K.L.:
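Sharing a structure, written as structure tokens. Questions coming.
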Amino acid sequence: MADSGGGRGGCCCKLIFSLGLTSLFMWLSLRTSNPKCSVEKFYLPSLNETLNTPNDTTLNLTLKLSNPNKDKGIKYDAVNVTVFDSPNRSHVVGNVLVPAFYQGHKKNAKKDGTGTANTTVTLRAVSGNGTGVFRVDLSTSVKFKIMFWYTKRQRISVGADVTVNAGGVKVGKKGIKLKSLAPRMSCFCVVMGALVNLLVISLLNFCSFSVRNNNGIIEE
Ligand SMILES: *[C@@H]1O[C@H](CO)[C@@H](O)[C@H](O)[C@H]1NC(C)=O
Ligand SMILES: *[C@@H]1O[C@H](CO)[C@@H](O)[C@H](O)[C@H]1NC(C)=O
Ligand SMILES: *[C@@H]1O[C@H](CO)[C@@H](O)[C@H](O)[C@H]1NC(C)=O
Ligand SMILES: *[C@@H]1O[C@H](CO)[C@@H](O)[C@H](O)[C@H]1NC(C)=O
Ligand SMILES: *[C@@H]1O[C@H](CO)[C@@H](O)[C@H](O)[C@H]1NC(C)=O
Ligand SMILES: *[C@@H]1O[C@H](CO)[C@@H](O)[C@H](O)[C@H]1NC(C)=O
Ligand SMILES: *[C@@H]1O[C@H](CO)[C@@H](O)[C@H](O)[C@H]1NC(C)=O
């Protein structure tokens with residue numbers, strides 16, 4: 001009698017355990033990482049004193065967008081970049097739109113974008129020595145391609161401060177990483193990871209508990 005009860009318990013435990021393992025692997029393979037975005041180049045010719053073209057409304061920048069996922073493609077909606085005159089986003093300098101595109105797994109893309117700058121705002125943003133700090137915010141939506149299907153659309157909002165020299169060019173050769181404006185998302189991922197770990201650990205505990213309950217009778 002006790003034997004048959006133990007057998008059912010062991011079977012149930014195995015089922016729960018393999019379900020838990022399956023969902024863990026499902027979660028691992030469906031998990032997606034957001035694209036990494038950076039500003040590689042940034043140029044406002046109106047600030048170049050050598051050129052002496054204060055009315056030039058050109059706003060040129062180069063974005064780098066990378067797909068860090070090993071086996072998932074990313075479909076980007078149009079990428080909307082907004083440039084502000086200061087880190088506190090007082091006034092809009094201009095907008096740059098990069099058309100929608102698809103990016104395969106582990107790929108990098110450099111995208112040149114051009115927009116129209118408000119020269120009044122631009123010229124006011126720089127200090128006496130000609131340098132200035134602009135705010136660059138990027139927003140878009142992405143869908144991840146897993147095998148043959150796409151995930152739901154997900155919003156991406158990132159940004160960073162970009163310092164320009166007296167020539168109106170971004171300081172430094174290295175790209176500037178655009179950081180998430182929504183820190184809640186990464187928090188959510190940490191909580192999800194902890195929950196999954198908790199589930200696995202409690203399943204393991206449950207199994208060792210029911211095996212111990214069988215008084216050393218281990219099936220198969
Ligand atoms: C820029 O525009 C302002 C006002 O439209 C004008 O007064 C000025 O002469 C222009 N400057 C140059 C260098 O074209
Ligand atoms: C700005 O970008 C446009 C389009 O990519 C290009 O034709 C133009 O030469 C660039 N201007 C400057 C000043 O770099
Ligand atoms: C781009 O973003 C700015 C600021 O959020 C917004 O005002 C503008 O309408 C957006 N442009 C497009 C084409 O979505
Ligand atoms: C934003 O920063 C600029 C200087 O960077 C300052 O002059 C302005 O008052 C600030 N605006 C707000 C609303 O804090
Ligand atoms: C430039 O920005 C100023 C201040 O925000 C605004 O009054 C002006 O209308 C803008 N000019 C253009 C051409 O959008
Ligand atoms: C230019 O002026 C700003 C603010 O006044 C200062 O922070 C910066 O160090 C100066 N840069 C140079 C190259 O002098
Ligand atoms: C400003 O324009 C001049 C003339 O085109 C160019 O040689 C110089 O490199 C520019 N300055 C910067 C900092 O790009």
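Indexing begins at 1, ligand by ligand and atom by atom, following the structure's order. These numbers were taken from a predicted model, which means no experiment stands behind them.
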K.L.:
For Phe84, check ring-ring contact (aromatic ring centres under 6.0 Å, His included) against everything at least two apart and list the hits.
P.N.:
none
K.L.:
With sequence neighbours left out, what residues match Phe101 under ring-ring contact (aromatic ring centres under 6.0 Å, His included)?
P.N.:
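Applying ring-ring contact (aromatic ring centres under 6.0 Å, His included) to Phe101 gives Tyr76.
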K.L.:
Indicate whether any N or O donor in one side chain lies under 3.5 Å from an N or O acceptor in the other, for Gln103 and Asn108.
P.N.:
no
K.L.:
Extract all N/O-N/O pairs under 3.5 Å that connect ligand 7 to the protein, and present each with both atom names and the distance rounded to 0.1 Å.
P.N.:
unit_1: ligand 7; atom_1: 2 (O); unit_2: Asn48; atom_2: OD1; d: 3.3
unit_1: ligand 7; atom_1: 2 (O); unit_2: Asn48; atom_2: ND2; d: 2.3
unit_1: ligand 7; atom_1: 11 (N); unit_2: Asn48; atom_2: ND2; d: 2.9

K.L.:
Side chains of Ser141 and Arg155: any donor to acceptor distance under 3.5 Å?
P.N.:
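The criterion, which ignores hydrogens and geometry beyond distance, is satisfied for Ser141 and Arg155.
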K.L.:
For a quick check under 3.5 Å, do Thr119 and Asn55 share a side-chain donor-acceptor pair by atom type?
P.N.:
no
K.L.:
Checking side-chain polar atoms at under 3.5 Å, does Asp56 have a donor or acceptor matched by the opposite partner on Thr58?
P.N.:
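On atom types as modelled, these side chains qualify, holding a pair under 3.5 Å.
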K.L.:
Less than 3.5 Å between some nitrogen or oxygen of Asn80 and one of ligand 3, yes or no?
P.N.:
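N/O-N/O distance under 3.5 Å: yes.
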K.L.:
Counting only heavy atoms, which portion of Asp137 has something under 4.0 Å from ligand 3: side chain, backbone, both, or neither?
P.N.:
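Neither; no heavy atom under 4.0 Å.
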K.L.:
Could you tell me which atoms of ligand 1, counted from 1 in the order shown, lie closer than 4.0 angstrom to a heavy atom of Asn55?
P.N.:
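Answer for ligand 1: 1 (C), 2 (O), 3 (C), 8 (C), 10 (C), 11 (N), 12 (C), 14 (O).
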K.L.:
Under 3.5 Å, is there a donor-acceptor pair between the His105 and Asn67 side chains?
P.N.:
no
K.L.:
Numbering the atoms of ligand 3 from 1, which are under 4.0 Å from a heavy atom of Thr82?
P.N.:
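Listed by number with element: 2 (O), 3 (C), 4 (C).
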K.L.:
For residues 145-167, pull every pair meeting ring pair (Phe, Tyr, Trp, His ring centres under 6.0 Å), keeping only residues two or more places apart or in separate chains.
P.N.:
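Found none.
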